[in-house]
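Here the structure comes first, spelled out in structure tokens, and everything after it is commentary.
Below, chain A is the first sequence line, B the second, and so on; all start at residue 1. Not measured: the values here are computed from a predicted model.
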4 protein chains.
Amino acid sequence: MREERKLQIIQAASRVFSRKGLAGAKMSDIAREAGLSHGHLYNHFKTKEELLATIVQMGQELYGRVLKGELAREGDAAGKLRRIAETVWFSGGMTGIYWVVLQTQASDVLPAETKAEISARMMLNLDLLTQIIEQGQREDTFTTGDPKEIATIAMMFLHNTGLWEIRGLGEPKHSMVDWLLKLVRK
Amino acid sequence: MREERKLQIIQAASRVFSRKGLAGAKMSDIAREAGLSHGHLYNHFKTKEELLATIVQMGQELYGRVLKGELAREGDAAGKLRRIAETVWFSGGMTGIYWVVLQTQASDVLPAETKAEISARMMLNLDLLTQIIEQGQREDTFTTGDPKEIATIAMMFLHNTGLWEIRGLGEPKHSMVDWLLKLVRK
Amino acid sequence: MREERKLQIIQAASRVFSRKGLAGAKMSDIAREAGLSHGHLYNHFKTKEELLATIVQMGQELYGRVLKGELAREGDAAGKLRRIAETVWFSGGMTGIYWVVLQTQASDVLPAETKAEISARMMLNLDLLTQIIEQGQREDTFTTGDPKEIATIAMMFLHNTGLWEIRGLGEPKHSMVDWLLKLVRK
Amino acid sequence: MREERKLQIIQAASRVFSRKGLAGAKMSDIAREAGLSHGHLYNHFKTKEELLATIVQMGQELYGRVLKGELAREGDAAGKLRRIAETVWFSGGMTGIYWVVLQTQASDVLPAETKAEISARMMLNLDLLTQIIEQGQREDTFTTGDPKEIATIAMMFLHNTGLWEIRGLGEPKHSMVDWLLKLVRK
DNA sequence: TATGAATGAGAATTCATTCAT
DNA sequence: CATGAATGAATTCTCATTCAT
């Protein structure tokens, strides 16, 4: 029904935005990708801008849920980080979103206010990752230093590895997790 | 005179493209940034596309020259990597270019042929970095493993740290070099 | 519906092109003449060039149908020629097209390839007229000589008389047919 | 010197205007054809419009001089017509002008006032040709009827045959004169 | 005179958005 | 809900014209 149709649009739009860039993605491209008429998009989203903002928000929240899930789980920090990386890199749909978020911050397609909200959510997620880093430090397996800085670097590594496909480097290998752990380990 | 004017346009365009995104950068923005009329841009570049392709090429070649310079120099691999990072992160003008290159590869603003040329130049530069990694391995200070894979990861780290400003994380700190070395060291 | 709308644009464009010349006809002029927004023209024709090429092709085909119709008909060659002239000069819409075709061939608004197609269609129509001349020669009422040359001259006379209005000489009189026949008769 | 340079521009412009159409002919095309910089054209003609008007006027006056020359000359009307045709078709430079004049009348590149002057000069020339037709009628070799109408048709034939090259039909043959005479003879 | 860099008004084209069906 | 024809603001690009050298 309605919610389902909306999701279908969001997923199509994610793919198109990450493939074509924010300004380069046309509403008609998105409609075609979703198998709908372009006019119909407007029955679900008032503007292209609203659609974009929705995608970004949903992507960030999905990512936040993954982080929270791992945080709440039993097990050591290294294992958590490993599973997060696997999810980000191989679950699909998530790496494209990050690329869209990045462009969102760089451009002024979205109004400053919306950009600020996105930034805030990004910080929220960074805090969650920071908590995992702190757990690793308590377990004495992660390197010492400002946990927030370490989380920042880990997050950067996490997301940018996800962009490999876009860069024409192919899908990241599973062994990339080891590099991530090399970075944060003692 | 003529060449100088062209360079002036290229520099202005680099700034605008990296600030606004490929499709979001308007020719009139670039003209204003360069302090020229928009019509005049077309006396130097036939189209926006040609201007973009020129910027990317020049940026990649500049980066290539930095790598070659370090490669030819005396000294250990760690020192070379350190100086490369300093240049990429703090010399200005270069980090923005990488962001533009990345968008270029992701979108289809440029024709496939041009994109292939950009990819080829990217691989060329990756080869140069690979040679530095190999030197580090011969010196027995860098971690073992496929030098090309290590170079790829180092390059990713190098460039994406440069995007911090865009992400609203501020300019990378000089201490980031230590993280890069932690990644590649034994 | 769709086809009808397209025809409406084509007819408006014919008028504007023949009134203002190829480069002088603005898309906005055509839109206004058709009673549409300029943007909508692009939902039917990708470019001004494509619109022009379509007009020319349709005009030539229409003219070809008139010739074929007469050729298939009973009656003597003189009568056929007479009716063709009447149609070309007084049916409206057709003389303007010829003027557009002429400019098309003279200028390089259209690519060489398209111009070649137009030339080919022109020759096709000339062949049809040649057949009528040959009939007249068989009937022994038309002057002897190379029928293709005679057809060429007759066609020239036919079309250029149609341009009288453009030259400010007013609409051709019906008696002009007699001049045409004087030219081809024994 | 100055007048010579001006003539050089006029001749180059004639070629370019007849090849590319009025709006399609760029000042830079004309400059290149004349072997000058485009800026320099403005030292001789205030605007493109003035240049065009000058070309047309000179062409019409040249044609008028040819007609006057024949009118003043001894000999029969048929011989005069024959020589006029030869001049118009084979002297070069003149046929292109007629094509330009024709476009001038059809378009509104020139202001109404200038167009009226051109029309007036056209009528003047038509009167000269009419006098030759009248001579032919007095000699009893030309067909009877309104001499002005005959002159109009003869002039049309004269000029449009000159357009053959533009239409891709090649240069008119010398034998075309016989067709012209067939048209006006008894 | 002669050049060509520079300008900006104007034309072609694109595409988000609306709306009748 | 769904469609796609229609609109027009915004952008790219062109080219006549100016002007410093």
Discussion item. Strictly below 4.0 Å, N to O, side chains only: are B/E33 and B/R15 in salt-bridge contact?
Written reply: yes
Item to complete: Whole angstrom is fine here: how far is it from CG in D/D29 over to P in F/dC15?
Response: 8 Å
Worksheet item: Nearest nucleotide by nearest heavy atom, which residue falls closer to the 5' end of DNA chain E, A/G39 or C/A23?
Response: C/A23
Worksheet item: Taking all non-hydrogen atoms of both residues, which atom of D/F17 and which atom of D/L22 are closest, and how far apart?
Response: CE2-O, 3.6 Å
Item to complete: Any chance you could encode DNA chain E as dot-bracket? Rule is Watson-Crick or G-U wobble with both distances under 3.5 Å; [ ] for pairs crossing earlier ones, | for another strand.
Response: .||||||||||||||||||||
Discussion item. So B/A34, base contact, sugar-phosphate only, or nothing? Heavy-atom distance under 4.0 Å.
Written reply: nothing
Fill in: Contact list for DNA chain E against residues 105-115 of chain C - heavy-atom distance below 4.0 Å
none
Worksheet item: In whole angstroms, how far is the C1' atom of F/dC15 from the CG atom of D/L22?
Response: 16 Å
Discussion item. Regarding B/L41, tell me which of base, sugar-phosphate or nothing describes its non-hydrogen contacts under 4.0 Å with the strands shown.
Written reply: nothing
Item to complete: Round to the nearest Å and state the distance from B/Y42 atom OH to E/dA12 atom C1'.
Response: 12 Å
Worksheet entry | Distance, rounded to the nearest Å, where A/K20 contributes NZ and E/dT14 contributes P | 13 Å
Discussion item. Rounded to whole Å, how long is the line connecting atom NZ of A/K26 with atom P of E/dT17?
Written reply: 15 Å
Discussion item. Under 4.0 Å, heavy atoms only, any strand: does B/A31 hit a base, just the sugar-phosphate, or nothing?
Written reply: nothing
Worksheet item: Do you know the tightest heavy-atom contact between B/R2 and B/N43?
Response: NH2-O, 2.8 Å
Worksheet entry | Shortest non-hydrogen separation from C/T114 to C/A53 and the atoms involved | CG2-CB, 4.0 Å
Worksheet entry | Donor/acceptor link under 3.5 angstrom from C/H38 side chain onto base of E/dA11 | no
Worksheet, complete the sentence: Nearest heavy-atom contact between D/G96 and D/S18 is O-CB, 3.7 Å
Worksheet item: Between the base of E/dA2 and the side chain of D/H44, is there a donor-acceptor distance below 3.5 Å?
Response: no
Worksheet item: Is the backbone N or O of D/V100 less than 3.5 Å from a side-chain atom of D/T104, with the two atoms forming a donor-acceptor pair by type?
Response: yes
Response to the item:
Here the pair of heavy atoms bringing A/Q103 nearest to A/G21 is OE1-CA, 3.3 Å
Practice prompt. Might you point out which heavy atoms bring B/P111 and B/E49 nearest each other, and give the distance in Å?
Written response: CD-OE2, 3.2 Å
Worksheet item: With a 4.0 Å cut-off on heavy atoms, is A/A25 in touch with a base, just the backbone sugar-phosphate, or nothing at all?
Response: sugar-phosphate
Response to the item:
Assert: residue with more 5' nearest nucleotide on DNA chain E, out of B/S37 and C/N43, is B/S37
Worksheet item: Between F/dA9 atom P and A/K48 atom NZ, what is the distance in whole Å?
Response: 19 Å
Practice prompt. Please examine the side chains of B/M58 and B/L62, heavy atoms only from C-beta on, and report whether any two atoms are closer than 4.5 Å.
Written response: no
Worksheet item: How close or far is atom P of F/dT7 from atom CD1 of C/I30, stated in whole angstroms?
Response: 15 Å
Fill in: Rounded distance in Å - CZ (C/R5) to P (F/dG4)
17 Å
Practice prompt. With DNA chain F as reference, determine whether D/E49 or B/K46 sits nearer its 5' end, using the nearest nucleotide of each.
Written response: B/K46
Item to complete: Would you please indicate if the ring centroids of D/H40 and D/F45 are separated by under 6.0 Å?
Response: no
Practice prompt. Could you tell me whether the phosphate oxygens of E/dA5, OP1 or OP2, come under 4.0 Å of any side-chain nitrogen or oxygen in B/R2?
Written response: yes
